[in-house]
Protein chains: 4
Amino acid sequence: MSPKKDLTEERKNQILDAAMKTFTEDGFHKTRMSDIAETSGLSKGSLYWYFDSKDSLIIHLLERIFEPEIKDIQTLLTDPRSIDERLETYVERISEDMVKMLKWMPLFYDFVALAFRQESVKNTISKYYQRHMDILTSLIKQGLDRGELHADSELEAAIAIGSMLEGTVILWFYDPDKIDIKRHVKTNLKLLLQGLKTPLNYQTLDQDN
Amino acid sequence: MSPKKDLTEERKNQILDAAMKTFTEDGFHKTRMSDIAETSGLSKGSLYWYFDSKDSLIIHLLERIFEPEIKDIQTLLTDPRSIDERLETYVERISEDMVKMLKWMPLFYDFVALAFRQESVKNTISKYYQRHMDILTSLIKQGLDRGELHADSELEAAIAIGSMLEGTVILWFYDPDKIDIKRHVKTNLKLLLQGLKTPLNYQTLDQDN
Amino acid sequence: MSPKKDLTEERKNQILDAAMKTFTEDGFHKTRMSDIAETSGLSKGSLYWYFDSKDSLIIHLLERIFEPEIKDIQTLLTDPRSIDERLETYVERISEDMVKMLKWMPLFYDFVALAFRQESVKNTISKYYQRHMDILTSLIKQGLDRGELHADSELEAAIAIGSMLEGTVILWFYDPDKIDIKRHVKTNLKLLLQGLKTPLNYQTLDQDN
Amino acid sequence: MSPKKDLTEERKNQILDAAMKTFTEDGFHKTRMSDIAETSGLSKGSLYWYFDSKDSLIIHLLERIFEPEIKDIQTLLTDPRSIDERLETYVERISEDMVKMLKWMPLFYDFVALAFRQESVKNTISKYYQRHMDILTSLIKQGLDRGELHADSELEAAIAIGSMLEGTVILWFYDPDKIDIKRHVKTNLKLLLQGLKTPLNYQTLDQDN
DNA sequence: CATGAATGAGCCTTCATTCAT
DNA sequence: GATGAATGAAGGCTCATTCAT
């Protein structure tokens with residue numbers, strides 16, 4: 001009677017959930033399609049009904065990982081507060097997302113490793129990176145335009161903050177016990193802002209001494 | 001000492017060279033032991049005479065990758081120059097090493113991905129990271145002790161610089177055309193030093209405004 | 001009679017048309033039921049409503065291939081012309097049919113190959129072969145009875161002509177550019193008739209010389 | 001001590017023997033590589049050490065099937081006997097070979113069916129066909145040149161004999177009980193020779209009547 | 001009647017590792 | 001020490017068939 005509900009999205013999610021879990025636990029290469037089938041509660045054949053191949057799961061998972069991160073952050077561009085307040089909010093939100101995603105790190109690094117040989121993976125990752133950098137760059141440009149920040153270019157400043165964010169996660173990976181991502185990101189930003197709020201000529205003077 | 005020993009070292013190097021090349025080009029998982037055998041000019045059987053397994057090559061390669069990085073840097077600890085000059089030299093040398101190692105990045109990220117699942121790989125990577133952080137931390141401690149730098153702790157400052165270094169490489173990976181590692185590392189350090197040279201109470205005051 | 005029956009026939013034909021096309025183009029083994037479904041414009045489920053299995057399509061297709069060949073030829077048995085005129089007409093018609101069926105050759109040979117393993121396929125093919133040979137044999141028997149032809153038995157002569165017909169198609173398969181089926185069948189028949197019109201004792205005499 | 005005998009040929013033969021047997025019994029498509037492995041007494045991996053793929057076995061088997069056929073027949077070209085004696089010897093030898101190969105017929109027809117989709121299979125079959133036809137054509141040309149035979153062209157006559165040979169095997173396939181290949185080939189040749197020994201103008205005259 | 005999502009047995013091929021020579 | 005033939009477990013993917021709707 002019921003008009004046969006479309007289970008496509010549900011099934012795809014079942015599969016992606018299972019893939020995310022098994023890839024994270026066992027690694028992309030060690031995970032077998034039959035593992036994903038079993039974990040998802042579907043048959044091996046069904047996996048291939050909804051997805052083309054094991055590889056194609058990568059792109060879909062990457063989109064899942066990154067998508068939620070982008071939301072909300074854009075609103076900071078029209079936020080009336082000062083630039084450093086907004087940048088603090090920015091890195092706070094990013095680091096919160098990062099912390100939430102920490103458990104998917106093994107998965108993510110499998111994909112980074114794959115990105116070196118698979119253009120499509122590389123492109124997907126780069127696309128999301130670019131979106132973040134665009135927002136960050138716009139934000140900083142506002143600071144420069146208003147004279148709240150000083151830098152040779154908005155890109156250079158964005159790279160400084162971006163590097164710091166990404167790098168903090170790497171350090172966490174090297175030594176999870178010593179690194180508190182949220183706290184260090186906050187501290188690191190403070191140091192960078194100190195530099196970014198210093199007028200350029202003063203910076204140069206200071207260096208020359 | 002004995003000529004036999006030398007031949008053994010030579011053979012091991014032949015194999016590791018070949019492994020490094022093929023792993024980098026084709027990825028760890030896609031590379032077959034027969035590829036390494038062929039590239040090294042040895043037989044498959046010989047590979048197993050000198051190394052236990054494909055996995056065991058990983059640790060040996062990691063040591064090869066990191067080993068050259070460490071040397072010379074220690075001397076900075078007794079260098080008579082000011083802290084910020086020495087930190088500049090430090091990040092300059094590190095970024096030079098990084099640039100040299102850029103071609104091994106695919107290999108390295110394969111290993112990072114593996115590190116999540118293989119304790120021994122994780123430990124090897126962490127060990128080298130730790131050595132760097134130790135030097136960096138000592139360096140900064142000198143700066144704090146002499147009043148040249150200001151931070152809540154030497155570790156916190158070291159984390160800031162360390163994150164920035166690692167993160168710059170990540171950004172290069174995301175967008176190799178836009179990121180010039182040596183240049184951005186230098187710029188980023190300048191910003192951080194600005195913060196690190198600002199007395200703590202001034203920092204706080206500044207923030208409150 | 002009932003309209004339902006007609007729809008059923010229509011559907012079956014849709015399916016058999018599609019199967020014939022796809023089997024011929026891609027081969028029986030490479031063709032998937034979903035290909036046939038798609039080509040026929042029906043669903044996979046419907047295929048199984050009208051046919052039991054992929055294999056069951058074979059027999060139905062064989063009947064389709066052979067059916068048209070039989071008609072009209074029987075009339076030659078009561079044709080008032082001389083035997084060699086009628087045999088000429090016979091091989092002409094057969095070779096015309098063969099030429100028309102050339103495009104189904106790949107399909108047919110798939111089935112011949114299957115016939116070695118599937119009794120039902122073998123029987124279907126043999127049944128149609130037998131019908132042809134029966135007509136040919138009857139025709140020749142008339143020639144022998146009337147003294148127009150000479151052979152140890154009508155079967156032996158029929159085999160000579162039958163082999164020639166089948167064999168010409170094989171040669172066409174081996175070298176399609178050089179073999180013109182209709183022309184060579186005609187020439188070949190002429191040579192055979194020369195032999196069949198020669199009295200037996202003359203044949204023998206001739207040989208002994 | 002012994003200089004490690006080269007078992008390559010032996011292994012290849014083991015595999016080809018097993019493939020020939022299983023392909024013939026079960027058909028190319030139904031035969032699994034593991035069946036061949038088991039039958040050959042080797043492991044599945046070894047099959048791939050000696051042969052690239054399941055498909056590559058086809059070509060090697062075809063060469064096995066045809067190769068022995070070619071030998072010896074060439075000597076007929078310089079045989080001093082009359083053409084019809086030599087043609088009789090020719091078809092006798094061919095039909096003997098055919099009879100010996102009858103048990104491989106299922107295998108051969110699998111390959112013929114495959115030839116429609118695989119150029120390499122088609123080429124291999126055609127190559128061997130061509131060799132036979134070349135010999136047959138040369139033989140007949142001698143007959144024409146010496147005036148022992150009469151035909152519009154040596155090719156036309158060769159096609160007549162070739163078709164007859166191939167066709168007789170087909171008829172045997174349709175009805176193995178009734179067809180005695182060696183006997184019918186001999187009879188059929190006799191009929192054709194009758195035609196080939198008749199001068200062309202006589203043939204035409206005869207037809208016109 | 002019709003659909004197409006779901007199933008799962010099955011297959012070709014790969015490749016790390018071993019070991020007789 | 002060195003070789004390379006041999007192994008066999010394992011895995012991604014296919015596809016004929018079924019059946020709930």
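Sequence lines set the chain letters: A, B, ... in the order given, protein chains first and strands last, and positions in each chain run from 1.
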Decide, yes or no, whether a salt bridge links K21(D) with D35(D) under the criterion of side-chain N to carboxylate O below 4.0 Å.
no
Could you tell me whether R117(A) and D110(B) make a salt bridge, using a distance below 4.0 angstrom between a side-chain N and a carboxylate O?
yes
Within this structure, what is the [atom1]-to-[atom2] distance between [X] and [N], rounded to whole angstrom?
X	N	atom1	atom2	value
I36(D)	dC11(E)	CD1	P	12 Å
E10(C)	dA2(E)	CD	C1'	15 Å
E38(A)	dT7(E)	CD	P	13 Å
F51(D)	dC12(E)	CZ	P	16 Å
H29(D)	dA16(F)	NE2	P	12 Å
K30(C)	dC15(F)	NZ	P	9 Å
L47(C)	dC19(F)	CG	P	17 Å
M33(C)	dT3(E)	CE	C1'	15 Å

Comparing W49(C) with Y48(B), nearest DNA chain E nucleotide closer to 5' gives the residue W49(C)
5' precedence on DNA chain E between K54(D) and R32(B) (nearest-nucleotide basis)
K54(D)
Aromatic contact between F108(A) and F66(A), with the criterion being ring centroids under 6.0 Å apart: yes or no?
yes
Any strand counts, and the cut-off is 3.5 Å on both contacts for Watson-Crick or G-U wobble. Which nucleotide pairs with dA10(F)?
dT13(E)
Please determine, for dA20(F), whether a Watson-Crick or G-U wobble partner exists with both distances under 3.5 Å, and give it or none.
dT3(E)
Which part of the nucleic acid, if any, lies within contact of [X], taking any heavy atom under 4.0 Å across all strands shown: a base, the sugar-phosphate backbone alone, or nothing?
X	answer
Y50(C)	sugar-phosphate
K44(D)	base
S53(A)	sugar-phosphate
T31(A)	sugar-phosphate

Starting from the 5' end of DNA chain F, give me the residue, D55(C) or D55(A), whose nearest nucleotide shows up first.
D55(A)
Heavy-atom nearest nucleotide on DNA chain F for S34(A) versus S43(B): which residue maps closer to 5'?
S43(B)
Please state whether the phosphate of dG4(E), meaning OP1 or OP2, lies under 4.0 angstrom from any side-chain nitrogen or oxygen of T8(A).
no
Does a nitrogen or oxygen in the side chain of S46(A) sit under 4.0 Å from OP1 or OP2 of dT7(E)?
yes
Looking only at atom types and distance, does a side-chain atom of S53(D) sit under 3.5 Å from a main-chain N or O of S56(D), one as donor and one as acceptor?
yes
Less than 4.5 Å apart, any side-chain heavy atom of Y128(A) and any of L62(A)?
no
